[in-house]
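Both backbone and side-chain heavy atoms feed into the values below; hydrogens, waters and symmetry mates do not.
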Amino acid sequence: MRSNTWRSRRFAFLVLSLLATTAPAGIPAAAQARAATAATAVDNTAQNWLYVGSDVPQDKEWIFGRLPNGLRYAVRHNGVPPDQVSVRVLVDAGSFYETDAQQGFAHLIEHLTFRDSKYLKSGEAIPTWQRLGATFGSDTNAETSGTQTVYKLDLPDATPAKLDETFKLLSGMIAAPIFTPQGVKTEVPIVLAEMRERSGPQTRVMDATRELFFAGQPAATRSPIGKVETLQAATPESIKAFHDKWYRPDNTIIVVAGDADPQAMLAQITKWFGPWTGNGPKPAPVDFGKPVAPKGANPANPVDGARVVVEPSAPMQFNYAVVRPWKRHADTIAYNQGLMIDRLAMALINRRLAVRARAGGSFLSASIDQQNYARSADTTLVSVTPLGDDWKAAVADVRSVIDDALASPPSQADIDREVAEFDLSFKVPVETQRTQAGSDLADDITQAVDIRETVANPETVYTIFKKSVPLFTPQAVLAHTRALFKGTVVRGMLTTPRDIGATAADVRAALIAKPVPTGSVRLPTDKLTFAQLPPIGTPGTVAQAQPTGVLGIERLTLSNGVKALLWANDAEPGRIIIRIRFGGGLAAIAPKDAVYASLGDMALMETGFGKVDRNALDELATGRKFNLNFKLDDTAFEFSADTRPSDLKDQLYLFAAKLAEPRWDTNPILRAVAAAKLQYAASGSSPQAVLQRDMGWLLKDKDPRYKVPDPAALDTVTPADFRRVWEPLLAQGPIEVDMFGDFTRQQALDALNTTFGALPARTAANPPPLDPHLPAHNETPVVLTHTGDSNTAAAMVAWPTGGGRTGVHESRQLEILAQIVNNRLFDEMREKIGASYAPQVESVWPMDLPSGGYLGATVQLRPQDLPAFFTATDKIAADLVAAPPTPDEIERVTEPLKQLITRASTGNAFYMSLLEGGAQEPGKFDDIRSILVDYSKTTPQAMQALAARYLQHDRSWRVEVVPEAKK
C-alpha cells in the first residue's frame, strides 16, 4: 500500500547513485471517438491490475486498464499545479536484467531514446521539449535502477495539441528509438562522463556495501551505470537486442496524472501506444537471487560477511544488515498492519538511540530501518556513526539499546507516544491532499509497481491506521522487534578514513559479541505539555495594520515593534508557512568568531530553551506538526516552519521562547563540532565537493564568515564561546513574523500577541555592511585540489554582476542570459565532445547586499579536458558579446521559465520566498508585480547588451579543482 505518507523503500545509507486556475482542457470530437474505441477495446478483466490479490480499497480517482497489446495504464485528473500533466513511462527492466556483456545497456538506452527516435531526429529532443515549456533535467528526465527504467515528463500548459504532440514524441522514443553508430559514439562518452562525475569515495563505499550485503545476487554487482569495457563495446545491434527483448507493451506501464480530462489522456495513450507490438513471446521473469546462510553459523545471529574499507575522504561509519530473502506478499490490509507494527518497533528503538546519543553516548548518531531492496532482499539495516575513533564502543552501545528492545516489551506509554506521531503523519496528508501534486501521484504509482504493492488515498491509509491501533500492543511490538532482527545472514562493514588496524575479524567479533547492558534506555513515562510552560510575557497588541495592496496580504506592527505579514488563504488547506527574520545575520558576526556561524546553524536549535532540553522538545512535539529550522542569511537570521492550523500558536511559542530564554546545553555544541569535522573530512573527496566547500568563501573576498571551518578552527571551539557569540545575537532586533496559509486573522493575532508580541522591545542590529566582490580577473586559474579519483576534475568561470533590490529587474534578465549560456555550454561540452555530463550555469544576485552577484559556469570533467572548458566558456561569452542570440534560443529559455513561474505561483511558498522581510522592506511588493514579464520577455538585443556589460573576458575569474597528484 503506497501513499505519499507511507514508508520509504530506499536505503538510508545505500542509495544507488544511478538511480491562475483554468478549466480542464476540452476533448476534440476525434479524441472522444478514440476514447470510446479504447473503452471497448480494453481488457475489462484487467481494469484493476494494480490491486490483484489485495483487499486494500482502490483509489477511485485512478482509472486503471490494459490495452489489447498488454500495455497497462493508470490515469487520473489532478489540478496541482494547474494546466500541468505528468507522464511516467515505466519499463520493467533495469540493470539486473542485463547479461555480463550488457552491463550498462539499460541506462545507455535511456540516454539513446533522447538522442534519436521515430519522431525526434538526432539532437532535436532537448530543444523540442524546451519549446513545449519543459525544462530538461527537471520537467523532462529519466532514471534507471536495477529493476526498472522510468521516463518522466511534467508538461506545463498542457493544451490538447501539446498533449497529442507529447504522446506522439514519447511513443517514438519508447517504442521506436533509432540506434545508429554515430548515436552510440556520441552517447557512450556522455555516460562515461556521468560515471566519472558520480564516482568518488561515496560511490566506492556504496559499491562495496552492495557487494557485501547482497553477495551472490545481481544487486551486488549490477550497478545501473555499467562498466567501461561493456559500454565501449556496445554497438547499435547489441543495444537493439536488449531493447527489443525488454521494451515491449506487455512490459510497460504508462501513468498520467494532470489537469486534463482522463478520457482524453487515455485516448492519447491508445492512439500512440496502441499499435505497438512486441518482438516474440514475453521473456521469463529474471531471478534476482536470494541470500544464503553461511555454513555452521549460529541461527540466532548468523554473522557471515564482514569487511573494512579504508576511504580517506569518507567519515567513519559502521553499517550492518540482517538480510532475508525478498518475498512478494499480497498487499492486503493485514500485511500493511504488520508493516505498521514493524515501523512502530523501529521508531521506539530510534527514539531511544537519539536520547542515548544526546546524553553523551559513544556515537554521534545511529538508526535502524527495514527495507525491501530492489526485489532482492528484505533487510533490517543498522547504521552507526561513532563520536570518535572508538567504533567498537559505539557499536556495542548501539547493540545494547537494540538488545534491550529485544529482551522485553515496551511500555504502553512508549507505544502511545509513537502512535501519536503516526497519527500525525497519516492525518496531515488527509488535511492537505487537495494540494498533492500530480507529479507526486504519478511517482507513487511507479514506485508501487516497482515494489509490487498498491496505492491508497490518504483517507484510506488513515482509516486503516486508526482501525489498527488496538493491534499495537507491547507483546505485538516485541514480537515484531524480534522478527526484524532475525534473518538468513548478518553482514557488516566498517568504513574508516585511515588505517586503524581494524580487520574483518574485528567486524565479525563486534557483531557476534553478546551485547552488554549499559543501563536503562527506556524513556520516562511522564510527558511535558505546553500547559506546563510559562508564558513568554505580557501579551502585546496590534499597534498598526494596513493592507499591502497585493493578494490580500496585511502588514502589521505590534506594540513592542515586532512587524508581521499575514496572508490568510485556503490555497493549501491544512498548511501554514512561517518565516521569522531577526537580527543582523552573518554581517553581525565578527570575522574572528566565524567558526561559530556554521555551528549556530547546526547546534543552536538543539540547545533548547528555558528548562526545555532537546529531549523535552521531542516530548512537546509528539503528535504535533512542528519544525525548528534555523539558517543564517547575509543580513538576518531566520527561523522557519511548515505547520498546520491547530499547531500554529504553539509553533510560534517555540520560536519566541528560543529568543526569550535561550538555553546553552553543552552536548549539542560538542556533537555539532564532531559532525562538522566529519563533514569536512568528506568535503575534499571529489572536485565538486571542493567547489561546494570553497566557492562561498572565495567568491566573497575570502570573508571567513563564509568559509567552511576546518578541523583546526573547530578545535578552538568552546561551549562558553558559543554562548558568548550567540547570546547577544539572539537578543537583536528587528523581528518580523511572516505567515501565509490556512488560518483566520483572529487566530493569527491571538498567536502573535501571546508569543512574539509578548517579547520585550528590541534594539535593532546595526552591523557593518557587507559589500563582497569577486576576485580580480585571472588568466591563470586558481588551483584547488581534491583527494578523489585521479581522472576527475572540476572548474568554474565566474563574471561579477551586482546585487541589491534596485537591480531586481536586471537580475531576472540575467537568469535568461545564464540559461542561454547553459544551453550553449551543454551543447559544447556534452553533446559535441562528451567531456561533461551536466555542465551548469547560474546567475546569483543577492537582494540584501549591494554587490556580490555573479554569473557562473561550473563543470566536472577529466583533468585533460580543462582547457576545452575554459576555451568553450570564453568563446560562448565572446560570441554573445559580439552577436545577439537567436529568437529560438530565447524561446527555449523563456517558455520554460514562464511555465515554471506560472506553476510555482499557485502555492504560498512561491510568494513567501519573494516577500519574506516585506514588512521591513515594502518595496518587495512592487518587485513581485513584474516577475513574470521580467523572466519571460526579452529581446536578442537586450541579451547582447547584458552580455556586453557583464561577460567581458577581462572581468572573468576562474578556478579549477584537480587531483592532488596533478597539481
Side-chain angles (χ1 to χ4, degrees), residues 536-546 548 553-566 578-594 596-597 600-601 604-605 609 629-640 652 654-662 703 705-706 723-739 749 752-772 803-806 846-852 912 914-927:
I536 300 296
T538 302
T541 58
V542 176
Q544 185 180 31
Q546 61 185 126
T548 63
I553 299 172
E554 185 178 18
R555 184 186 298 116
L556 306 178
T557 302
L558 305 185
S559 53
N560 62 352
V562 170
K563 294 185 180 296
L565 293 179
L566 300 183
I578 300 173
R579 300 289 184 271
I580 298 160
R581 295 173 65 84
F582 67 94
L586 276 173
I589 298 177
K592 67 181 180 64
D593 294 322
Y596 292 99
D601 201 13
L604 191 64
M605 304 310 288
F609 63 86
N629 300 322
F630 174 76
K631 74 171 185 177
L632 298 84
D633 283 342
D634 293 320
T635 59
F637 304 112
E638 182 179 286
F639 295 144
S640 64
L652 290 181
L654 293 177
F655 286 140
K658 185 67 184 180
L659 298 182
E661 193 178 359
D703 186 322
R705 288 167 289 191
Y706 293 95
R723 178 173 183 173
R724 173 186 61 79
V725 171
W726 278 103
E727 193 163 31
L729 295 174
L730 291 180
Q732 291 178 349
I735 296 176
E736 177 174 332
V737 182
D738 301 334
M739 293 190 291
L749 294 181
L752 272 174
N753 286 330
T754 57
T755 56
F756 283 90
L759 291 169
R762 292 181 161 228
T763 302
N766 291 299
L770 288 172
D771 189 17
R805 277 193 43 256
T806 57
M847 290 295 168
D848 297 329
L849 298 177
S851 61
M912 179 67 81
L914 295 170
L915 296 175
E916 60 178 325
Q920 305 286 348
E921 295 185 78
K924 290 187 175 184
F925 288 88
D926 294 327
D927 297 343

Gly757 backbone acceptor or donor facing Asn560 side chain under 3.5 Å: yes

Whether Glu736 side chain and Gln920 backbone form a donor-acceptor pair below 3.5 Å: yes

Verdict with reasoning, Leu752 to Val542, per side-chain contact (heavy atoms from CB on, under 4.5 Å): CA-CA 9 Å; Leu752 272 174; Val542 176; over 6 Å; no

Spatial distance of atom CG (Asp848) from atom CG (Asp634) [nearest 0.5 Å]: 7.0 Å

Heavy-atom donor-acceptor pair, Arg579 side chain to Met912 backbone, under 3.5 Å: no

Distance-minimising heavy-atom pair for Trp726 and Ala597: CZ2-O, 3.9 Å

Check: Phe637 and Leu659 side chains under 4.5 Å, non-hydrogen atoms: no

Interatomic distance, Glu661 atom CD to Leu759 atom CG [nearest 0.5 angstrom]: 12.0 Å

Heavy-atom check, side chain of Phe639 versus side chain of Asn629, under 4.5 Å: no

Taking every non-hydrogen atom, the tightest pair across Ser851 and Pro772: OG-O, 2.6 Å

Residues that Ala656 engages under side chain to side chain contact (heavy atoms under 4.5 Å, CB included), provided they are two or more places apart: Ile536, Thr755, Phe756

Check: Ala545 main-chain N/O paired with Glu554 side-chain donor or acceptor under 3.5 Å: no

Asp633: side chain to side chain contact (heavy atoms under 4.5 Å, CB included) partners, not counting sequence neighbours: Arg581, Lys631, Glu638

Derivation and outcome, side-chain contact (heavy atoms from CB on, under 4.5 Å), residues Phe655 and Val737: CA-CA 10 Å; Phe655 286 140; Val737 182; over 6 Å; no

Atom pair CG/OG1 of Leu566 and Thr548 - distance to nearest 0.5 Å: 10.5 Å

Residue pair Arg762 / Leu730: nearest heavy atoms and the distance that separates them: NH1-O, 2.5 Å

N/O donor-acceptor pair under 3.5 Å between Asn753 side chain and Leu749 backbone: yes

Which atom of Gly584 lies closest to which atom of Ala765, heavy atoms considered: N-CB, 3.7 Å

All side chain to side chain contact (heavy atoms under 4.5 Å, CB included) counterparts of Leu914, not counting sequence neighbours: Phe910, Ile928, Ile931

Nearest heavy-atom neighbours spanning Asp738 and Gly917: OD2-N, 3.0 Å

Leu770 side, atom CG; Thr635 side, atom OG1 - distance, nearest 0.5 Å: 8.0 Å

Ser559 side chain to Ala543 backbone, donor-acceptor under 3.5 Å: no

Non-hydrogen atoms of Pro767 and Ala587 that approach each other most closely: CB-O, 3.3 Å

Residues Ile589, Leu632; criterion side-chain contact (heavy atoms from CB on, under 4.5 Å); working and verdict: CA-CA 10 Å; Ile589 298 177; Leu632 298 84; 3.8 Å; yes

Gap separating the CG atom of Leu729 from the CZ atom of Arg724, nearest 0.5 angstrom: 10.0 Å

Exam field: side chain Arg705 to backbone Pro591, donor-acceptor pair closer than 3.5 Å: no

Stepwise side-chain contact (heavy atoms from CB on, under 4.5 Å) test for Leu586 and Tyr706: CA-CA 8 Å; Leu586 276 173; Tyr706 293 95; 3.6 Å; yes

Leu652 vs Met739 side-chain heavy atoms within contact, under 4.5 Å: yes

